[in-house]
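The structure under discussion appears below in the form of structure tokens.
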Amino acid sequence: MSIFIDQQTRLVVQGITGRDGSFHARQMIAYGTTVVAGVTPGKGGQRFDDTVPVFDTVAEAVRETQANTAVIYVPAAVAASAIFEAADAGIPLIVCITEGIPVLDMTRVLPFVHERGARLIGPNCPGLISPGRSKVGIIPGNICRPGRVGVVSRSGTLTYEIIHQLSTQGWGQSTCIGIGGDPLIGTNFIQCLSGFQADAETDAIVMIGEIGGTDEQQAAEFVQQTVTKPVVGFIAGQTAPPGRRMGHAGAIISGSSGTAAEKMAAFARAGIAVMKRPADVVPLLRERM
Amino acid sequence: MSIFIDQQTRLVVQGITGRDGSFHARQMIAYGTTVVAGVTPGKGGQRFDDTVPVFDTVAEAVRETQANTAVIYVPAAVAASAIFEAADAGIPLIVCITEGIPVLDMTRVLPFVHERGARLIGPNCPGLISPGRSKVGIIPGNICRPGRVGVVSRSGTLTYEIIHQLSTQGWGQSTCIGIGGDPLIGTNFIQCLSGFQADAETDAIVMIGEIGGTDEQQAAEFVQQTVTKPVVGFIAGQTAPPGRRMGHAGAIISGSSGTAAEKMAAFARAGIAVMKRPADVVPLLRERM
Amino acid sequence: MNLHEYQARDILRQRGIPVPPGEVATTPDQVRAIATRFGDRVVVKAQVHAGGRGKAGGVKLAATPAEAAEHASKILGMTIKGLTVRHVLVTPAADIASESYLGIIVDRAAQRPVVMVSAAGGIDIEEVAARTPERIHRLAVDPRYGLLGHQALGLALTLYRDIAQARAAADIMQRLYAACYAIGASLIEINPLVTTRDGAVTALDAKIVIDDNELERHPEIAALRDSGAEAPSEVAARAAGLTFIKLDGTVGCCVNGAGLAMATMDLVKYYGGQPADFLDIGGRSNPQKVVSALKIITADPSVRAILFNIFGGITRCDDVANGIVQATREFRLTVPLVIRLTGTNEELAVKILTQAGFSALTDMDEAVKQSVAQAAA
Amino acid sequence: MNLHEYQARDILRQRGIPVPPGEVATTPDQVRAIATRFGDRVVVKAQVHAGGRGKAGGVKLAATPAEAAEHASKILGMTIKGLTVRHVLVTPAADIASESYLGIIVDRAAQRPVVMVSAAGGIDIEEVAARTPERIHRLAVDPRYGLLGHQALGLALTLYRDIAQARAAADIMQRLYAACYAIGASLIEINPLVTTRDGAVTALDAKIVIDDNELERHPEIAALRDSGAEAPSEVAARAAGLTFIKLDGTVGCCVNGAGLAMATMDLVKYYGGQPADFLDIGGRSNPQKVVSALKIITADPSVRAILFNIFGGITRCDDVANGIVQATREFRLTVPLVIRLTGTNEELAVKILTQAGFSALTDMDEAVKQSVAQAAA
């Protein structure tokens, strides 16, 4: 099985006629994802690649195609608007790939999405893939293998690196999720861990964090209390310089938290096997299984 | 019994040191209402009339006195802010007497109040009274008598006129509520009717409407479907000139609805006894009981 | 408070909404000069707070500056629905390709601002709404989020197939929505919203009504009030803090509270009379308000009797009584007065009135019956 | 993007927040003229994007215009945390009765803007926060409603007992909150927010950081960027669309993706090396970006070896390979290059590189080990 997406996923691609949207729509279709519609205002009535119907609005796309998942590839300036639109149209799962959305836009988007009971993954994320079943986003399908490891990550290419390590050494994945590297995101580690814990076809979890924020520490606590499956974790940024100081306010809000050392310690305390480098993932998984 | 207020009501008066607030606080105390606190920013620590503690904020008042009801007498320019404050402090029943609050302020206040699960009565209303038990607002206590008629009205002085008719002819009231004459109000006829229907100590209901809007028509439908107690109704404004036209938009929104004739017809269809004049209230009640 | 079309246009323009050129004038000579400057056909439009200007002859097309001045000389000073035209707006005649309707108003049922659009814009929009309601698209806006981009575009796409025009209209809608809150408008309408032959989307005519309760916090908007364009009795009433609407009957009514005022008028009719006005002195009466009310009522020559109906709550009956006595010292009443007072300080009021030679009743029906009889006498 | 104090003051003033007088200068003579005009003691403050200006000698009190000019001649051209001072702000010395702290920042845990205030304002505010957190009052604002009046006043009452001062501070908070959204700020701080001896509440010093993602929609804010106040390598990186942070090591890193870039740096350290930079070429690579990246890396004389680590997804490996080849045509590389490429168009990239005489690896650990060895050689 998989979490969030599967063969029932009926995808609408927002920005399907754009540079990124068209490229990745083709990749997703090629991978086997059921892409039922595209949206580009003003291009309603056309067909993408002579097959996928394009609509002016997500609401129309949902009405005509019963799309249940949206993926967003529109430019940053209008990406918040695209999320609002998808949520307003009743889409329950919205994956926003676009990077560069202003944080203040997200402060308004998130309550809107939550009020409508929708789940947002991202923004600024590679999306998710359930190998062999469905792919929503930009994770290269060819590096993934179907299997029983769940992968959740704040990163993009680093996730590919880890997936690559897993696949080439025979460890397939149930679902791989990039939750996004922005300060405000729709779905956090805990929600993904909880999905993997409940998923009968996931045996182990790989969790890839970064410096900044306290999401990993909270996730570690959740693992300790709730997750019974083996978890292997990585934190990028051990040698990163301390982030640009965000005035006094940044220091007051975050205190001393957010360093790689602190996060790795939280992982260790929670019983999560801590990788020192990406190549450690398979040996540690092997050890824990 | 009574609806919304009773002997458990612990009242905080917002604007207690102002002209209207101080006058009516004294009236309410004299009537027997449990006034536990007043609020006037900057006067925290003082005592009103040497007895009621005054606080800077409603939050403090709630913390210190367990107030569970707020009544607002502050000027119109800051009245929306006072409602926000009461709701934010967790007050479950907020009665706003102030008239002249901009309608657009109310568009923002109402969802805030609803999100917090609070009930707002008003604004621009005389408040409510449960004769012999508690009074929150400005309805003159001396015109009311304890009894078993529930009164709900969009009007102020017209309500007093009807209460006066009832009391002087021996028909006491369980609760009298003025829901307010503004276009946007927190509690409508239906919510009050539903309260009276459920109240074991209310035997009959008097409902006083006005021209404008469709609240009375909806209430009539509710009466027909749900209310088993006798209801007597009045609509003010049979001879009023058609309201100032609010552009085309006003006409489009309201169509032909909102006239006294239409509302009286809706009452009659729903089995509500329709008064032709205030003096009809007691004869009609007598007929229906 | 109603704004004139030219004032509404200025507000829209300041907020980035495209408005065609136009200038306001008060004399035919000014109109001639403006028309000469525009150098093409112009439209001369009466600026009054009344609908149906066109049908009343208040909107005219002129081919030449001379013709424009001639139209202006007829329109200026013209009376439309009782209001005298003092300003005209002169605009180049637009080359219109399509006319849409765009309006925002607070819907009391939805408790939200509602944006309404129709591709069938123009003066017959109400008929369109009544006969073919499906041609009006409405959206209740969640004020916590405002009018969102996709919502505006969705509405705009019902007006225009061309995406550039739809985006332009959506932008206008978002600016219009923001303007509502920024200026405290109860209503903003653009009718028609037009596309010109070159494809631009622009606000040809605009109507704005300001919520009177917002005026205190928007002094720059309050300053736009044109008292010359309103009935003098209403100007006087507003200055005195009264709500007053003139009607056609003979019984002048003076009541505290809008609901009781309406019920009083209804009762006048019930007993065979006709109210001469709606007049609410509001809560917190003071004697001076009563004096002003009596001045306004007695200024109407149709009034044959005056009825006071006061139920004292916040309003103190003695204040009202004092006001009546004071007024009769300031000017002579030529019509009979019937006074009903009950509630707060009723006894004191009766004493004051009795000493001044008036009698006071306590029963509403009795008072109304007497006033109707007096007016008919 | 950081704004200078004088720019932040201008923004606050435009938004109705009281700011004491002050003028910016770039020469001692200008400073003397300004100080003469103010006619009293003045403070001369270095305008650089760095904290701790006071401790570094960048803030000086002057009793006379001559002294002000003298201070300015020392401060202008001074280097604070690697940044050269090019502007000073001259303000009359304030007569301060109290110093508070006021800041707004988006809290990622709350997912909302948080307003923070403390009566213990001034340069030691972080210490206050660490040692006596109860002296910092925080409020997470619901962005659907904004900072409401009673919330602002509640915070203000923790700063001032005087209601007029509290209302003034609450007004400042609401304006500051609105400013965040209006200008796209990640952070706005007033520290200290002072009361003067005459009781006025005013923003003595202000700091604003703009979310870089907002700059496109706020060209007027983007125009405030002072590239002269930033490190040249960072200016060049931004112009090329790269994210670059200079570090102290010898292995120059060029990676696609921030997470992989950090993991690469970590691995350099793991194998005994020291990264010379953080450099993310982002998604959607094009060859020119790679050329720019190589120019920036090679401009650093400490770099002894360069490591490319590319995991192709959106980034195409052949684009990167072409960029490397193109760069070596434009300028000569004097340090060894270790290239690791895998993913999209990997085979093509290897072919391009091989033809140009480079070798390419596919394993990250191997590549990092080699680069560390090369840098140590």
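Every chain is numbered from 1 and lettered A, B, ... according to where its sequence line falls, protein lines coming before strand lines.
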Can you tell which part of Met265(C) gets under 4.5 Å to a heavy atom of chain B, answering side chain, backbone, both or neither?
both

Ala263(C) portion near chain B, given a 4.5 angstrom heavy-atom threshold
both

Taking only Lys NZ, Arg NE, NH1 and NH2, and the carboxylate oxygens of Asp or Glu, determine whether Asp300(C) and Lys246(C) approach each other closer than 4.0 Å.
yes

Residue selection (most heavy-atom pairs with chain B, distance under 4.5 Å) from Asp142(C), Leu260(C), Leu267(C):
Leu260(C)

Side chain / backbone / both / neither for Ile123(C) at chain B, heavy atoms under 4.5 Å
backbone

Heavy-atom pairs under 4.5 Å with chain B: which of Arg144(C), Lys269(C), Gln274(C), Glu216(C) has the most?
Arg144(C)

Which answer fits Asp20(B), side chain, backbone, both or neither, if we ask what part of it has an atom under 4.5 Å from a heavy atom of chain C?
side chain

Under 3.5 Å donor-acceptor, Thr33(B) side chain and Lys135(B) backbone
yes

Contact class of Ala185(C) relative to chain B, heavy atoms under 4.5 angstrom
backbone

Please identify, among Asn256(C), Leu247(C), Val141(C), the residue contributing the most non-hydrogen atom pairs under 4.5 Å to chain B.
Asn256(C)

Do you know which of Ile139(B), Ile138(B), Val103(B) has the most heavy-atom pairs with chain C at a distance under 4.5 angstrom?
Val103(B)

Is there a donor-acceptor pair closer than 3.5 Å between any side-chain N or O of Lys369(C) and the backbone N or O of Val268(C)?
no

Please say whether more than 12 non-hydrogen atoms of neighbouring residues, nucleotides or ligands are located less than 6.0 Å from CD in Glu366(C).
yes

Looking at Ser371(C) and Val368(C), would you say the former's side chain and the latter's main chain have a donor-acceptor pair under 3.5 Å?
yes

Taking the six-membered ring of Phe112(B) as reference, does the NZ or CZ atom of Arg116(B) fall below 6.0 Å from its centre and within a 45° cone about the axis?
yes

Does the side chain of Asp319(C) pick up a donor-acceptor pair with the side chain of Asn286(C) at under 3.5 Å?
no

Less than 4.5 Å to any heavy atom of chain B: does that hold for the side chain of Asn191(C), its backbone, both, or neither?
side chain

Where does Ile101(B) contact chain C at under 4.5 Å (heavy atoms): side chain, backbone, both or neither?
backbone

I'd like to know if the side chain of Asp280(C) reaches the main chain of Gly257(C), judged simply by a donor and an acceptor atom lying under 3.5 Å from each other, with no hydrogens or angles considered.
yes

Output the option from Pro126(B), Gly212(B), Gly209(B) having the highest count of non-hydrogen pairs under 4.5 Å with chain C.
Gly212(B)

Would you say the side chains of Tyr270(C) and Asp365(C) form a donor-acceptor pair under 3.5 Å?
no

Under 3.5 Å side-chain donor-acceptor pair for Asn309(C) and Thr264(C):
yes

Would Tyr181(C) and Arg108(B) count as having a side-chain donor-acceptor pair, cut-off 3.5 Å?
no

Pick from Ala236(B), Pro278(B), Pro102(B), Ala76(B): which one has the most heavy-atom pairs with chain C under 4.5 Å?
Pro102(B)

For chain C, which of Pro111(B), Gly237(B), Gly213(B), Pro140(B) has the most heavy-atom pairs under 4.5 Å?
Gly237(B)

Please check: side-chain N/O of Ser167(B) versus main-chain N/O of His164(B), any donor-acceptor pairing under 3.5 Å?
no

Contact listing (chain C partner; residues 153-163 of chain B; heavy atom under 4.5 Å):
Arg154(B), Ser155(B), Thr157(B), Leu158(B), Tyr160(B), Glu161(B)

Heavy-atom distances under 4.5 Å only: say whether Leu104(B) touches chain C with side chain, backbone, both or neither.
both

Taking every heavy-atom pair that is under 4.5 Å apart, which of Lys276(B), Glu210(B), Gln27(B), Gln218(B) has the most such pairs with chain C?
Glu210(B)

Considering only NZ, NE, NH1 and NH2 on the basic side and carboxylate oxygens on the acidic side, decide whether Arg53(C) and Asp205(C) come within less than 4.0 Å.
yes

If I measure from the heavy atoms of chain C, does Ile208(B) come under 4.5 Å with its side chain, its backbone, both, or neither?
neither

In plain terms, say whether Glu216(B) and Lys263(B) are close enough for a salt bridge, that is, a side-chain N and a carboxylate O under 4.0 Å apart.
yes

